[in-house]
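Below, read A as the first sequence line, B as the second, and so on, with proteins coming before strands; counting in each chain starts at 1.
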There are 2 protein chains.
Amino acid sequence: MGEENVKKKNALVPEPALRRMPCYLAYLKLEHRKGSQYVSSTLIARDNGVDPTQVTKDLSYTGISGKTRVGYEVEPLIDALEDFLGFRVMDEAYLFGAGSLGTALLHDHGLVQYGLKIVGAFDVNPLVIGHSIGGISIAHIDEFVKNKDHGIKIGILTTPVANAREVANMMVANGIKAIWNFTPVRITSPEGVVVQNTSLYAHLAVMFNRLNAAGSDDSVAPAKK
Amino acid sequence: MGEENVKKKNALVPEPALRRMPCYLAYLKLEHRKGSQYVSSTLIARDNGVDPTQVTKDLSYTGISGKTRVGYEVEPLIDALEDFLGFRVMDEAYLFGAGSLGTALLHDHGLVQYGLKIVGAFDVNPLVIGHSIGGISIAHIDEFVKNKDHGIKIGILTTPVANAREVANMMVANGIKAIWNFTPVRITSPEGVVVQNTSLYAHLAVMFNRLNAAGSDDSVAPAKK
DNA sequence: TGATATTAAGGAATTGTTTCTTTAATCAAA
DNA sequence: TTTGATTAAAGAAACAATTCCTTAATATCA
């Protein structure tokens, strides 16, 4: 108990804050294109429907500070956000499962602008192996296991539900450090492996629920703002 | 129907709980296929890396209750979850913005299994209008405005950032009640319109952050200033 | 048949996040 | 230069969500 400068709880940036940051970034880029040089937290808050103090708290994580009575300088803030979010360094990733959703992601070239480049894709289905989707050719997953020395740290998981856990284990066993999980299966992450769950169906469930709640109840309170 | 739980005013189901439910559902379907007839919350919790009491709390929202010392009956629980999440009724949706991400979603046929069917797509780019992607032909967005009497309540927003707000407004003005927003732009929802934000980049930001934190920690203080 | 262990469920305490409040800074205008 | 208004930032309070704790029920085993 003697160590008093042991970092408490790791001081992780709150996930909700991290999720809001790309939204600020998109907004700032639009403002920048419009010619704005300074933007205040008040303005950011109003245009994005969040609390002004939350904006300053969120932005303070990037290390940038604003000027009293002026706001934030747009360009440095954009740079700081992109740096902080890791959008400026290009990370390479492998995709596992070239089914419907995997194919969809291979078609999407938007991720490259945010620092993620898919450089390989794997599957077990003979019907897709050998084909090229979005410029990436699909290989058998054994090829991934054979190649021990790839420096790829990020794996995108888009297999069917039944294989998700098995493939995730294989990814980890072969050096993957971060799993971007698009399946509804909850991956119990081993050692120091990061798992980011992004099941579209989870979001769909929330949307359906809110839609039904709004439709069936006329005394609904509007999102307590 | 809602007479007995009138005590709490709105009693909205917490979003984190809703997001976990599809995960339980996927798990239960796998267990069902394996032949399990009963599954306990303890087991669900262990296999999915969550707290057992959280499982029972989450599942209680569906109205199903488990049997002491036995657990939950798998089949009725699957039914209840699918019903509760709105996965059993097929909702139809329009897609706005057939760019990279929009095209990707049109290629994905997985959504149909979860109750969402894309039945139309709109854009403004002459290069894509008239083409068919994933069985859906792309029309000019004016066609959407002309057709006042479509019964479509759900709109998927996949336009470029610059047009997101404008298109969202147009959607709402023409009867869309729920916007599934894939852009990083925060849509300030009007009256009783539901907005579900699903920016992939937000998730990417969280993953990058956690990955970097995991790689650089141990001895180094988090450079958060 | 009775004891034991396992489970669901409800309420309390804890934790984390958001919102509110206060303070200090500084630009603009008089 | 002085005054007033607006802003960022830091701390306090409120809120929501998770985890912990207790209770009641019951299938299994002795």
Side-chain angles (χ1 to χ4, degrees), chain A residues 7-21 23-24 28 36-74 76-77 80-81 186 202 206 209-210 221 223-225, chain B residues 4-5 7-21 23-24 28 36-74 76-77 80-81 186 202 206 209-210 224-225:
Chain A
K7 58 187 177 179
K8 44 186 160 177
K9 289 290 289 178
N10 234 352
L12 230 47
V13 178
E15 189 166 324
L18 283 172
R19 280 207 299 258
R20 282 187 294 266
M21 287 187 192
C23 156
Y24 300 145
L28 289 165
S36 309
Q37 213 175 352
Y38 287 92
V39 174
S40 74
S41 67
T42 326
L43 190 64
I44 299 177
R46 203 189 52 207
D47 284 353
N48 291 279
V50 294
D51 195 86
T53 63
Q54 189 162 68
V55 173
T56 64
K57 268 206 173 55
D58 290 346
L59 294 182
S60 73
Y61 289 115
T62 66
I64 284 278
S65 49
K67 279 187 197 163
T68 300
R69 230 204 105 87
V70 174
Y72 297 88
E73 213 178 333
V74 175
L77 185 52
L81 270 171
R186 185 109 175 196
V206 176
N209 181 271
R210 301 311 188 215
K224 86 247 178 182
K225 269 297 152 61
Chain B
E4 46 186 337
N5 47 4
K7 43 178 183 177
K8 295 227 172 189
K9 285 199 274 185
N10 242 337
L12 226 49
V13 179
E15 190 166 324
L18 284 172
R19 281 205 298 256
R20 282 186 294 266
M21 287 186 191
C23 157
Y24 300 144
L28 290 165
S36 310
Q37 212 175 353
Y38 286 93
V39 175
S40 74
S41 68
T42 326
L43 190 64
I44 301 177
R46 204 190 49 206
D47 285 351
N48 291 278
V50 294
D51 195 86
T53 62
Q54 186 160 72
V55 173
T56 64
K57 269 203 172 58
D58 289 346
L59 294 183
S60 73
Y61 289 114
T62 66
I64 284 278
S65 49
K67 279 188 197 160
T68 300
R69 231 202 104 92
V70 174
Y72 297 88
E73 214 179 333
V74 174
L77 185 53
L81 270 171
R186 184 112 177 194
V206 176
N209 182 270
R210 300 311 189 217
K224 59 146 178 239
K225 268 297 168 77

*Are any of the side-chain heavy atoms of B:Y24 and B:V50 separated by less than 4.5 Å?*
yes
*Tell me, for nucleotides 20-30 of chain D in 5' to 3' order, what letter each nucleotide earns: B for a base near a protein heavy atom under 4.0 Å, S for only sugar-phosphate near one, - for neither?*
BB---BBBS--
*Looking at B:Q54, does any N or O in its side chain come under 4.0 Å of the phosphate oxygens OP1/OP2 on D:dA17?*
no
*In whole angstrom, what separates A:E15's CD from C:dT17's P?*
9 Å
*asked:* Distance check needed: D:dA9 C1' versus A:I44 CD1, whole Å only.
replied: 15 Å
*Return no unless some side-chain N or O of A:S41 is found under 4.0 Å from OP1 or OP2 of D:dT7.*
no
*So does A:R20 get a side-chain nitrogen or oxygen closer than 4.0 Å to the phosphate oxygens (OP1/OP2) of C:dT18?*
yes
*Report the stems of DNA chain C as range-with-range entries sorted by first number; a stem here is at least three consecutive pairs, Watson-Crick or G-U wobble, both distances under 3.5 Å, and write none if there are none.*
C:1-30 with D:1-30
*For D:dA9, does OP1 or OP2 lie under 4.0 Å from any side-chain N or O of A:Y72?*
yes
*Which whole-number value in Å describes the distance from A:Y38 OH to C:dT26 P?*
13 Å
*What is the distance from CG of B:L12 to C1' of D:dC15, rounded to the nearest Å?*
15 Å
*Check side chain to side chain donor-acceptor pair (under 3.5 Å) between A:Q37 and all other residues, then give those that pass, not counting sequence neighbours.*
none
*Pick base, sugar-phosphate or nothing for B:T42, based on heavy-atom distances below 4.0 Å to the nucleic acid.*
sugar-phosphate
